[in-house]
J.: 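Got a structure here, written out as structure tokens. Questions coming.
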Amino acid sequence: MQYIIGVAELALVFGMAFIVSNDRKKIKYRPILTMLVLQFVLGFLLLNTLLVMS
């Protein structure tokens, strides 16, 4: 359930940014998608990595 809420929040933020944008035709979607994928990958790796102290 928390994943659905997180995705809905991201969609809400991007939707609001799209609505208030002055020039919607100049929005570049590839960098946005790239940053989202990087954020999810880094979040997954950092949250699922064990910290070993020796």
Side-chain angles (χ1 to χ4, degrees):
M1 183 68 180
Q2 61 190 5
Y3 295 116
I4 295 171
I5 293 172
V7 171
E9 290 172 353
L10 280 173
L12 180 68
V13 169
F14 285 126
M16 289 180 0
F18 183 78
I19 289 171
V20 300
S21 175
N22 290 332
D23 195 0
R24 294 181 184 136
K25 292 183 180 182
K26 287 189 176 180
I27 297 175
K28 297 179 182 176
Y29 294 103
R30 178 171 250 166
I32 294 171
L33 291 175
T34 303
M35 291 301 155
L36 277 175
V37 169
L38 282 173
Q39 181 177 355
F40 282 117
V41 169
L42 286 173
F44 177 79
L45 289 174
L46 292 173
L47 292 173
N48 291 316
T49 303
L50 294 175
L51 179 63
V52 179
M53 297 273 192
S54 55

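For the single chain, residues carry numbers from 1 onward in sequence order.
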J.: What's the separation between atom CG in L38 and atom CG in L33, rounded to the nearest 0.5 Å?
T.: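 Reported to 0.5 Å precision, the distance equals 11.0 Å.
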
J.: Quick one: hydrophobic cluster around F40, which other residues, with the 4.5 Å side-chain cut-off, linked directly or via members?
T.: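 Direct or chained contacts put F40 with L10, F14, F18, I27, Y29, I32, L36.
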
J.: Check the hydrophobic clustering (I, L, V, M, F, W, Y; side-chain heavy atoms under 4.5 Å; chains of links allowed) and say if V13 and I5 are grouped together.
T.: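 Not linked; separate clusters.
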
J.: Looking at D23, I'd like to know if its CG atom is crowded, meaning that more than 12 non-hydrogen atoms belonging to other residues, nucleotides or ligands lie closer than 6.0 Å.
T.: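 Check passes, neighbour count above 12.
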
J.: Okay, side chain of T34, backbone of R30: is any donor-acceptor separation there less than 3.5 Å?
T.: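 Side chain of T34 to backbone of R30, a donor-acceptor pair under 3.5 Å: yes, one is there.
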
